[in-house]
Amino acid sequence: MSESLRIEERGSFVLATLDRPEKRNAIDQELVDALHLLCARLEVERRTLVTTGSGGTFAAGADIAQLRDRRATDALAGINTSCFQRIRALPMPVIAVLDGYALGGGAELAYAADIRIGTPTLKIGNPETGLGIIAAAGATWRLKEIVGEALANEMLLTGRQLDAQEALAAGLVSAVLEPEAALERATAMAERIAKLDPAATQATKRALLAPRDAHPEIDLAEQAVLFESPEKHRRMTEFLERRSRSADGTGRAKR
Ligand code: COA
């Protein structure tokens, strides 16, 4: 258990709060280790993850005090990269609630989420080149996929941060809400996901993460597995029976 990652059980999902507010939730090795431990758990438990930061900040980046002493072998080890890749690849969805600064590695952690919700104080971007490094934990490819090349190039080459409205307009966040409402929205999303078929949700996520040239084969292969699943049959039968009961006037009203 790490003091800098607060983990709360919320029934259908797990809420993980980056909790080093005195360092603006800068991501140090302890936090990376704690995130790996959480991933190991979620890879087995297969639950939705909602992640956020404490103290009005999501995360102000990798911990610069540690980063300054890292050398070539550390870069090649991909300390943050492998952690964020693992979060990206979690079997169930990851929802990030972005309050305040999401910079550098903090932004890259956000880019690794499947769904992002911002708050009005959001400032998101990659100031890495100003520190003499590149944004090597996902920004050079994921940001481009999310917002398109023109804006990603501008953000990464100039270090310009987007505010909440710009992030919303660019599709980098799907909503901007006050912090409490943002967490409520993430909670509602996680609860909604929990009512869906987990096998279908996981298959959808695998297909979404597959490279372009894996389509449409991956979609067909995933669908083939689901077409054989009793849960698919049960859910579709339930839908059809509800409709026919409703048409007879003998059952519940249609949803
Ligand atoms: N790494 C390590 N420490 C960090 C940090 C980071 N990425 N970001 C903030 N901190 C620390 C500060 O050093 C300071 O520590 P101290 O109180 O021991 O001096 C503390 O967090 C508070 O930071 P401060 O700058 O005083 O807060 P602020 O609210 O005025 O500004 C930021 C917030 C995010 C604008 C500012 O902290 C900042 O620019 N951080 C670095 C952002 C960055 O370049 N990230 C990319 C890293 S790859």
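Whatever order the structure lists them in is the order used to number ligands and atoms, beginning at 1. Just so it is clear, the structure is predicted and the values come from calculations on it, not from any experiment.
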Engineer: Verify the contact flag for atom 12 (C) of ligand 1, where contact means a protein heavy atom under 4.0 Å away.
Structural biologist: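 So far as the 4.0 Å threshold goes, atom 12 (C) of ligand 1 is out of reach of every protein heavy atom.
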Engineer: What protein heavy atom sits nearest atom 30 (O) of ligand 1, and how far away is it?
Structural biologist: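 Atom 30 (O) of ligand 1 sits closest to the protein heavy atom Arg24 NH2, 4.6 Å.
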Engineer: So which pairs with a foot in residues 224-235 pass salt bridge (Lys or Arg N to Asp or Glu O under 4.0 Å), sequence neighbours left out?
Structural biologist: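 For residues 224-235, and leaving out neighbouring residues, the salt bridge (Lys or Arg N to Asp or Glu O under 4.0 Å) pairs sorted by first residue read Glu231-Arg234, Glu231-Arg235, Arg234-Glu238.
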Engineer: Would you mind listing which atoms of ligand 1 come within a distance below 4.0 Å of any non-hydrogen atom of Tyr101?
Structural biologist: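 Ligand 1 atoms under the 4.0 Å threshold to Tyr101: 33 (C), 34 (C), 35 (C).
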Engineer: Got a protein heavy atom sitting under 4.0 Å from atom 27 (O) of ligand 1?
Structural biologist: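 It does; a protein heavy atom is within 4.0 Å.
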Engineer: Test your reading of the model: is there a side-chain donor-acceptor pair from Glu222 to the backbone of Asp219, 3.5 Å cut-off?
Structural biologist: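 Side chain of Glu222 to backbone of Asp219: no pair is present.
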Engineer: Can you confirm whether Arg192 is buried at CZ, in the sense that more than 12 heavy atoms of other residues, nucleotides or ligands lie under 6.0 Å from that atom?
Structural biologist: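 No, CZ of Arg192 has 12 or fewer neighbouring heavy atoms, counting only those of other groups under 6.0 Å.
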Engineer: In ligand 1, which numbered atoms sit nearer than 4.0 Å to a non-hydrogen atom of Lys23?
Structural biologist: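 Atoms satisfying the 4.0 Å criterion: 4 (C), 9 (C), 10 (N), 11 (C), 15 (O), 16 (P), 18 (O), 21 (O).
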Engineer: Answer with side chain, backbone, both or neither: which part of Thr57 has a heavy atom less than 4.0 angstrom from an atom of ligand 1?
Structural biologist: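 Thr57 to ligand 1: no contact under 4.0 Å from either part.
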Engineer: Using a plain distance cutoff, I'd like to know if Pro127 has any nitrogen or oxygen under 3.5 Å from a nitrogen or oxygen of ligand 1.
Structural biologist: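 Pro127 vs ligand 1: no N/O contact under 3.5 Å.
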Engineer: Looking at Glu180, I want to see if its CD is surrounded by more than 12 non-hydrogen atoms of other residues, nucleotides or ligands under 6.0 Å.
Structural biologist: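 No, because the 6.0 Å sphere around CD of Glu180 holds 12 heavy atoms or fewer from other groups.
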Engineer: I need the atoms of ligand 1 closer than 4.0 Å to a non-hydrogen atom of Asp63, numbered in the order shown.
Structural biologist: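 Those atoms are 1 (N), 2 (C).
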Engineer: Backbone N or O of Ser54 within a donor-acceptor pair of the Asp19 side chain at under 3.5 Å?
Structural biologist: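 No; zero donor-acceptor contacts below 3.5 Å.
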Engineer: For ligand 1, which atoms sit closer than 4.0 Å to a heavy atom of Glu22?
Structural biologist: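 Per the distance check, 20 (C), 21 (O), 22 (C).
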Engineer: Checking the side chain of Asn25 only, and the main-chain atoms of Arg20 only, is there a donor and an acceptor separated by less than 3.5 Å?
Structural biologist: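 Between the backbone of Arg20 and the side chain of Asn25 there is a qualifying donor-acceptor contact (under 3.5 Å).
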Engineer: Quick test: of every protein heavy atom, which one is nearest to atom 5 (C) of ligand 1, and how far off is it to 0.1 Å?
Structural biologist: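 Heavy-atom neighbour on the protein nearest atom 5 (C) of ligand 1: Ala26 CB, 3.9 Å.
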Engineer: For atom 8 (N) of ligand 1, find the nearest protein heavy atom and state the residue, atom name and distance (0.1 Å precision).
Structural biologist: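 Protein heavy atom at minimum distance: Ala60 CB, 3.5 Å.
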Engineer: Is Gly61 close to ligand 1, meaning an N/O of one under 3.5 Å from an N/O of the other?
Structural biologist: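 In this structure, Gly61 places no N or O atom under 3.5 Å from an N or O of ligand 1.
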Engineer: List the steps, then state whether side-chain contact (heavy atoms from CB on, under 4.5 Å) holds for Val14 with Glu8.
Structural biologist: CA-CA 6 Å; Val14 171; Glu8 292 165 63; over 6 Å; no
Engineer: Taking Arg242's backbone N and O only, do any of them form a donor-acceptor pair with Ser246's side chain (distance below 3.5 Å, no angle check)?
Structural biologist: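 Looks like no, no N/O pair under 3.5 Å.
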Engineer: Short question: side chain of Thr57, backbone of Pro21 - any donor-acceptor pair under 3.5 Å?
Structural biologist: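 No; judged by distance alone, with no hydrogens or angles, the pair does not exist.
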Engineer: Does atom 36 (C) of ligand 1 have a protein heavy-atom neighbour under 4.0 Å away?
Structural biologist: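 No, no protein heavy atom sits under 4.0 Å from atom 36 (C) of ligand 1.
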Engineer: Side-chain atoms of residues 91-112: list all donor-acceptor pairs with protein atoms under 3.5 Å, sequence neighbours left out, distances to 0.1 Å.
Structural biologist:
unit_1 : atom_1 : unit_2 : atom_2 : d
Asp99  : OD1    : Thr119 : OG1    : 2.7
Asp99  : OD1    : Thr121 : OG1    : 3.1
Glu108 : OE2    : Ala137 : N      : 2.8
Glu108 : OE2    : Gly138 : N      : 3.2
Glu108 : OE2    : Ala139 : N      : 3.1
Tyr111 : OH     : Asn126 : OD1    : 2.7

Engineer: Do me a favour and list the nearest non-hydrogen protein atom to atom 39 (O) of ligand 1 with residue, atom name and distance?
Structural biologist: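 Residue, atom and distance for the closest contact: Leu103 CD1, 4.7 Å.
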Engineer: Considering non-hydrogen atoms of the protein only, which is the closest contact for atom 1 (N) of ligand 1, and what is the distance?
Structural biologist: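 For atom 1 (N) of ligand 1, the nearest protein heavy atom comes out as Ile64 N, 2.8 Å.
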Engineer: Heavy atom of Leu67 under 4.0 Å from ligand 1?
Structural biologist: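 Flag set, Leu67 near ligand 1.
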